[in-house]
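Residue numbers start from 1 in every chain, and the chains themselves are labelled A, B, ... in the order their sequence lines are given, proteins ahead of strands. Since the model is a prediction, treat every value here as computed from it, not as a measurement.
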Amino acid sequence: MEYNHKNIEQRWQNYWRENKVYKTCNGVNKPKYYVLDMFPYPSGAGLHVGHPLGYIASDIYSRYKRLCGFNVLHPMGYDAYGLPAEQYAIQTGQHPEKTTMENVARYRNQLDKIGFSYDWDREIKTCDPEYYKWTQWAFVKMFGSYYDTEADKAMPIDNLVKHFETNGSAGIHAAQGKDLVFTADQWLAMTDKEKSDTLMNYRLAYLGNTMVNWCAELGTVLANDEVSEGVSVRGGYPVVQKLMCQWCLRVSAYAQRLLDGLDRLDWTESLKETQRNWIGRSEGAEIRFKIDGRDDVELEIFTTRADTVFGVTFMVLAPESAYVDQITTPERREAVEAYLEAVKHKTERERMIEKKVTGEFTGSYAVNPLTGKKIPVWVSDYVLAGYGTGAIMAVPAHDSRDYAFARRFDLPVVPLIEGCDVSEECFDAKSGRMINSCSELLDLNGMEVKDAIAATKRFIEEKGLGKVKVNYRLRDAIFSRQRYWGEPFPVYYVDGIPHVMDVDKLPLHLPEVDKYLPTETGEPPLGRAKNWVTEDGYPIELCTMPGFAGSSAYYLRYMDPHNNEALVGRDANDYWRNVDLYIGGTEHATGHLMYSRFWNKFLYDLGEVCEDEPYRKLINQGMIQGRTSFVYRIQGTNTFVSHGLKDKYDVTPIRVDINLVSNDTLDMDGFRRWRPDFADAEFVTEDGVYRTGYAVEKMSKSMFNVVNPDDIVERYGADTLRLYEMFLGPLEQSKPWDTNGIDGVNRFIKKLWNLYYKGDICLVDDSEPTPESLKTLHTLIKKVTQDIENFSYNTSVAAFMICVNELTQQKCHSRKVLEQLVVVLAPFAPHVAEELWHSAIGHDTTVNDAQWPKWNENYLVESTVNYAVSFNGKVRFTISVAADMPKDDVEKKALGDPAAQKWMDGKAIKKVIVVPGKIVNVVLG
RNA sequence: GCUCGAAUGGUGGAAUGGUAGACACGAGGGACUUAAAAUCCCUUGGCUUCGCGGCCGUGCGGGUUCGAGUCCCGCUUCGAGCACCA
């Protein structure tokens, strides 16, 4: 029988499903291994050929680990909440759950065709009440916690309340929004509302007035990672800053732990670096500056360059800073307010694009704490309200932004580093010797910058002028979305005071609404829900949670997906612990991967999970880009010129459906049928074929370059798709999808098949394999074992091709060889492997139960090695020795060879270098 | 601007500091065939030579080394991330 991928793949996929071959049990007495894919958002467009790349890689690794004797957890599910389903609901009036479930079904269907070894009994969907119950549960727990900076972990908020009752705010060590000061009596005298507001300053999930990224087109706020260059990542709509009262997660409390944790993770350096940037730790000092003639207000600023205090020639406040109102003098008030108004009407994007230096003098002067000199205080939008204290000391000589400002408004520039020239530009290097830095209080002159920073910090701490401080760029996560299709908050309001629901009452189900749009009064869609109140009639929160809520702890749920008592049971968590291998794209570097680490650390603090990092090893698979094909139409005609001849004409390139192109050759009849406009198209061909041009672009419908995996599976089979996706290139590299090479991989599978089947005759025999065949087999096993561990799958595929070519030449039909070949192939091409395992070899079990061939000293790999022997750098002759000969013996044999005498010619040997397996170098004195 | 990564034939890409270009595609030639498809075989980095062979070659310039695609220093270009973060 000929190789027939349809029969084979259908048969084995059915068998796996019916016999639950990939069902995983908890607590099996085998070492565990947890392989996780980033679960997909089931979009309406379905999977394209880029999506399965990571899934195939993780499936290969999972199957490999199973064969090596591990109990492997390899689950799949759906990140089912999200904006596109809701946008579609708005357009069509269909419930997003309906379209989401349809999309899920399509995804499942597409995934099944590729032959993954998922345990589908563990499937989760984030929009499933049984799942989002635990998302809501975690929120309730965060609401009930604060971050204790001394214990360095989350603690019950009740502890803090007890502390307030006896000591007020004195002596607390809690991560907080603002530095609140109150006594126990003041606390006890507070109204419930005031107490609630005060506690929001400490809770890990809190309601806060914050500057948010507001996207009017999407009608919702967005997190920082959902905004890029002033527009929304999804949709590209403009985003403006707006002060709103929103639920937030105090991610910033975990900044240091999130940073430290990275060192212990087996992630790529670039990804860790991205997270480090996002956390943005900087060590510096907070220094207080007195305002001349005022006792009631001091300016507190943050700087990493404490050494430059002597060079401060002015101060700058962010427009949003509370200081502005306090210190603006009456005569400057009008000008300052006009400036603030002007700034407010600019979006962040406009501010970034313009890059114009603007600002206004407040009329007040600050006093330099080291020199006693009076320096003007300005307000300018180049200072950010959200970072540090929203106020800076300006050192124009050594900061380019301050320099530009000083030049624009003609403020003095005082150089502080020996030999620097600040007449044309600032000197921002952080090294050199200090000058101009001496007063009665402190003398830094002659010190290195590094030492001067330390000396200044010491000085200001001693004198109480400020304190050493670490700042983080990481902001708290804004957790409210004014949308319908997300987890409802388990929060209700009594007289305007938020309360969380009892965890026993969860899940709080998403209510039905008549439309998926905001209400007429501008409230979120949940405002349309009837009876959206608790049993006692209290109104329930109208916002829903953001996309990252459901994906933050999903990996835990797979461990124990049907547990009604806990997100994950203690035993299940102790057994699976955390993810050993996580494969997914880099686009989640500062979103999901950051939130998920935060969320997990919080659960760890609560004692709910046993590991404080969720993902031990992480591999970023590259993006598969589209490869768009072009035809070239001669201007003003319906004649198309082949790519090689296009330069001779005046042509317009036109994108053509990739399905009409094969190996860069156009199906001309298909093209004529494609669109009515092209029905009478004429072609200028090259020897009868029309060659298309190409460009690498994003894979999308509008570029006509989407390749559907279903089509590939239909034509070549899942095994070919799997092998080919791996063969395309290194897993971590982005590359365009190019179907041109797929025939080669398909040919390989056919060759493999034809090695063991001639027509209906099975050629497998019980002959002892020849040493030559064993060498071929063993080389393959060695190579593939190494490659899988290094995720170098493309070279593995090459190794299979070499192996099958050699076995074909050797006419090796030995069952013993085939048996091991099949086991090694099974992770890559499981269907054909099963078929051979079953029909050709005659096993009645599945390959899943086989043993990965362990590396064995009896294996024949490269029995002899040729060494080139060189004298003084020139190769003179070669010797052949056993592969396992020790270096010293190789050296002796090389020097003992008669040919060596000629080159030594009585000279002394200075050194001999033996490179294993390759060259012996003799250096003569 | 800062950080990280990359650069190898016509193409995708191989090479623990040791014969650069594995494997595959494409291209060219050949076999089988009435023909096509399929399959198989040969050639395929450049220059040079009838041929044997020789010379050059991993973005550019230096360096370390008996030996560099690989390590070090300095650039160029491309990609990614962050970005008035004080």
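Listed by chain and number, the residues in a side-chain hydrogen bond (donor to acceptor under 3.5 Å, both in side chains) with A/Thr313 amount to none (sequence neighbours excluded). By the salt bridge (Lys or Arg N to Asp or Glu O under 4.0 Å) test, A/Lys811 pairs with no residue at all, sequence neighbours left out. By the side-chain contact (heavy atoms from CB on, under 4.5 Å) test, A/Glu789 is found to be paired with A/Tyr61, A/Tyr64, residues two or more places apart in sequence or in another chain being considered. Remark: A/Arg401 pairs with A/Asp399 by the side-chain hydrogen bond (donor to acceptor under 3.5 Å, both in side chains) rule, at least two apart or across chains. Residues meeting the salt bridge (Lys or Arg N to Asp or Glu O under 4.0 Å) test with A/Arg276, sequence neighbours left out: A/Asp263, A/Glu269, A/Glu273. Every residue two or more places apart in sequence or in another chain that forms a side-chain contact (heavy atoms from CB on, under 4.5 Å) with A/Ser792 is listed here: A/Asp787, A/Asn790, A/Asn794, A/Thr795. With sequence neighbours left out, A/Asp307 forms a salt bridge (Lys or Arg N to Asp or Glu O under 4.0 Å) with A/Arg305. For A/Glu286, the salt bridge (Lys or Arg N to Asp or Glu O under 4.0 Å) partners at least two apart in sequence or on another chain are A/Lys467, A/Lys469.
The side chain of A/Trp278 has B/rA83 as its nearest neighbour among B/rG13, B/rA83, B/rA86. Closest to the side chain of A/Arg401, out of B/rG13, B/rC82, B/rC85, is B/rC85.
A/His588 places its NE2 atom 13 Å from the P atom of B/rG81, with the value rounded to the nearest Å. Spacing between atom CZ of A/Phe791 and atom P of B/rG13 amounts to 20 Å, rounded to whole angstrom units. Across the protein-nucleic acid pair, A/Ile279 atom CD1 and B/rA83 atom P stand 14 Å apart, rounded to whole Å. Between the P atom of B/rC85 and the CZ atom of A/Arg475 lies a distance of 13 Å, rounded to the nearest Å. At whole-Å resolution of the value, CE in A/Met594 and C1' in B/rC82 are 12 Å apart. Atom pair A/Gln809:CD and B/rC41:C1' shows a separation of 11 Å (rounding to whole Å applied). Distance A/Leu299 CG to B/rA86 C1': 15 Å, rounded to the nearest Å. When the C1' atom of B/rG81 is taken as reference, atom CG of A/Leu593 falls 14 Å away, rounded to whole Å.
Atom C1' of B/rG69 sits at a distance of 12 Å from the matching atom of B/rG59, rounded to the whole Å. Going from the C1' atom of B/rU8 to that of B/rA20 covers 8 Å, rounded to whole Å. Nucleotides B/rG13 and B/rA22 place their C1' atoms 10 Å apart, quoted to the nearest Å. Spacing of C1' atoms, B/rU34 relative to B/rC23, comes out at 37 Å, to the nearest Å. For the C1' atom pair drawn from B/rG12 and B/rG62, the interatomic distance equals 33 Å after rounding to whole Å.
Checked against the 6.0 Å centroid threshold, A/Phe409 and A/Phe314 do not count as a close aromatic pair.
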List the atom pairs, donor and acceptor, that lie under 3.5 Å between side-chain atoms in residues 798-808 of chain A and the rest of the protein, sequence neighbours left out.
{"residue": "A/Asn805", "atom": "ND2", "partner": "A/Met801", "partner atom": "O", "Å": "3.4"}
{"residue": "A/Glu806", "atom": "OE1", "partner": "A/Thr776", "partner atom": "OG1", "Å": "2.8"}
{"residue": "A/Thr808", "atom": "OG1", "partner": "A/Val804", "partner atom": "O", "Å": "2.6"}

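Toward the 5′ end of RNA chain B lies the nearest nucleotide of A/Pro736, the other residue of the pair A/Pro736 and A/Ser792 mapping further downstream. Residue whose closest nucleotide on RNA chain B sits further toward the 5' end, between A/Thr274 and A/Asp399: A/Thr274.
A/Gln275 places a side-chain heavy atom less than 4.5 Å from the side chain of A/Met594.
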Review item, nucleotides 20-26 of chain B N/O atoms under 3.5 Å of protein N/O:
{"residue": "B/rC25", "atom": "OP1", "partner": "A/Arg747", "partner atom": "NH1", "Å": "2.4"}
{"residue": "B/rC25", "atom": "O2'", "partner": "A/Asn740", "partner atom": "O", "Å": "3.3"}
{"residue": "B/rG26", "atom": "OP1", "partner": "A/Asn663", "partner atom": "ND2", "Å": "3.2"}

Under 3.5 Å between N/O atoms: give me all the protein pairs with nucleotides 2-10 of chain B, atom names plus distance.
{"residue": "B/rU3", "atom": "O2'", "partner": "A/Glu273", "partner atom": "OE2", "Å": "3.3"}

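The one candidate from A/Ile56, A/Val784, A/Asp719 that meets the side-chain contact (heavy atoms from CB on, under 4.5 Å) condition with A/Phe828 is A/Val784.
In this model, the phosphate group of B/rA86 is approached by a side-chain N or O of A/Tyr387 to a distance below 4.0 Å at OP1 or OP2.
Using modelled atom types, one finds a donor on one side chain and an acceptor on the other under 3.5 Å when comparing A/Thr358 with A/Tyr339.
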> In dot-bracket notation, what is the pairing pattern of RNA chain B, taking Watson-Crick (N1-N3 plus N6-O4 or O6-N4) and G-U wobble (N1-O2 and O6-N3) contacts under 3.5 Å, with [ ] crossing and | for other strands?
Replying inline: (((((((..(((.....[....)))((((((.......))))))((((....))))..(((((..]....))))))))))))....

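Note on A/Pro730: only backbone sugar-phosphate atoms sit closer than 4.0 angstrom, heavy atoms only; bases stay farther off. Counting non-hydrogen atoms under 4.0 angstrom, A/Ser400 reaches nothing in the nucleic acid.
For B/rG46, the base adopts the anti conformation, since its glycosidic angle falls more than 90 degrees from zero.
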